[in-house]
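Take a look at the structure below.
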Amino acid sequence: MQKVVFRVKRYIPERGPKSYYEEFEVPFRRGMTVLDGLIYIKENLENTLSIRYSCRMAICGSCGMRINGIEMLACNTQVAELGVPIITVEPMRNFPLLKDLVVNMDEMFIKQRRLKTWLVRRDTEEQDNPTSQYLQSDEELVRYLQFSYCIQCGLCYSACPVVATFPKFYGPQPLMKSYRYIADSRDEGGRERLGLVDTSEGVWRCHFAGSCSKVCPKGVDPALAIQLLRRRVLTS
Ligand code: SF4
Ligand code: FES
């Protein structure tokens with residue numbers, strides 16, 4: 001493969017409300033990622049192309065997009081592994097589109113905040129002036145460990161068919177993150193969070209399509225977290 005065609009979905013608000021596809025020929029090189037190709041386009045062919053990225057190593061979570069119809073991190077997707085001469089690149093779904101491949105992810109973070117996705121403790125005096133560590137056993141750590149690998153890329157949220165049809169649904173990432181803290185032995189905010197997710201916008205709205213877990217680049221299983229949340233709600 002000497003060249004690869006990038007078929008990029010473009011949206012430039014100043015030029016009108018419609019999205020359109022634009023094709024670019026990019027020289028192929030061994031080890032090239034989809035993000036490398038997009039950066040090549042921006043630097044050499046079309047400098048108005050908007051993309052979001054930072055770490056280039058699947059850590060920061062900022063380069064999520066749809067590549068040939070599937071949610072992926074552009075920096076973590078090898079062009080050679082796609083095995084096709086034309087690569088279609090589109091922005092994530094379920095987020096308002098800002099420009100080209102850049103979406104506004106505020107809503108997902110607002111939902112996280114509503115679900116109090118941080119360690120809640122009542123001993124505020126101890127937190128301000130710590131006298132000891134919050135110890136945790138290996139078994140206690142394993143209960144939430146996989147859920148702490150989330151890099152907040154939003155791919156699961158984009159892939160969720162329920163968010164697509166019912167935007168008030170908290171969505172896989174905020175619900176998973178809420179479970180991550182409920183399952184943490186150091187946390188004391190579980191009761192309040194369970195009240196927040198035991199609603200029609202919460203765990204009961206999930207249809208268990210499972211697409212969230214399928215697309216997660218970090219091996220997190222948000223669909224499992226939602227099932228575990230349901231169990232907590234029913235047994236609490
Ligand atoms: S659960 Fe996975 S897909 Fe969803 S935001 Fe976190 S890292 Fe991304
Ligand atoms: S650029 Fe950071 S995850 Fe892709």
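Remember, it's 1-based here, ligands and their atoms both numbered in the order they're listed.
Atom NZ in K111 sits 15.0 Å away from atom NZ in K177 (nearest 0.5 Å). In this structure, SG on C63 lies 9.5 Å from CD1 on I51, to the nearest 0.5 angstrom. Taken to the nearest 0.5 Å, the NZ atom of K214 stands 15.0 Å off from the SG atom of C156.
D187 and W118 are not linked by any side-chain donor-acceptor pair at a separation below 3.5 angstrom, with hydrogens and angles left out of the test. A donor-acceptor contact closer than 3.5 angstrom is absent between the side chains of R180 and S148. A side-chain donor from one of N129 and E125 sits under 3.5 Å from a side-chain acceptor of the other. For the residue pair N94 / S158, no side-chain donor-acceptor distance below 3.5 Å is found, with atom types taken as modelled.
Only protein N, O or S atoms were scored, and 1 of them lie under 2.8 Å from atom 4 (Fe) of ligand 1.
With ligand atoms numbered from 1 in the order given, ligand 2 contributes 1 (S), 2 (Fe), 3 (S) to contacts under 4.0 Å with heavy atoms of C55. Proximity to C75 (heavy-atom distance under 4.0 Å) selects the following atoms of ligand 2: 1 (S), 3 (S), 4 (Fe). Those atoms of ligand 2 with a heavy atom of C63 less than 4.0 angstrom away are 1 (S), 3 (S), 4 (Fe). Listed by atom number, the atoms of ligand 2 under 4.0 Å from A58 heavy atoms are 3 (S). Close approach of ligand 1 to P217 (heavy-atom distance below 4.0 Å) involves ligand atoms 3 (S).
Residues forming a ring-ring contact (aromatic ring centres under 6.0 Å, His included) with Y170 (at least two apart in sequence, or on another chain): none.
The proximity of I59 to ligand 2, defined as any non-hydrogen pair under 4.0 Å, is limited to the backbone. Contacts between S54 and ligand 2 below 4.0 angstrom, taking non-hydrogen atoms only, involve the backbone exclusively. Contacts between C60 and ligand 2, counted as non-hydrogen atom pairs separated by less than 4.0 Å, involve both the backbone and the side chain.
Residue Y157 forms a side chain to side chain contact (heavy atoms under 4.5 Å, CB included) with just one option from E71, E107, R93, and that option is E107.
Contact check for V4 versus M32: side-chain heavy atoms found under the 4.5 Å cut-off.
Scanning the protein for heavy atoms near atom 1 (S) of ligand 2, the closest one is R56 N, 3.2 Å. Closest protein heavy atom to atom 3 (S) of ligand 2: G61 N, 3.2 Å.
Within the 3.5 Å criterion, the main-chain N or O of L98 finds no donor-acceptor partner in the side chain of N104.
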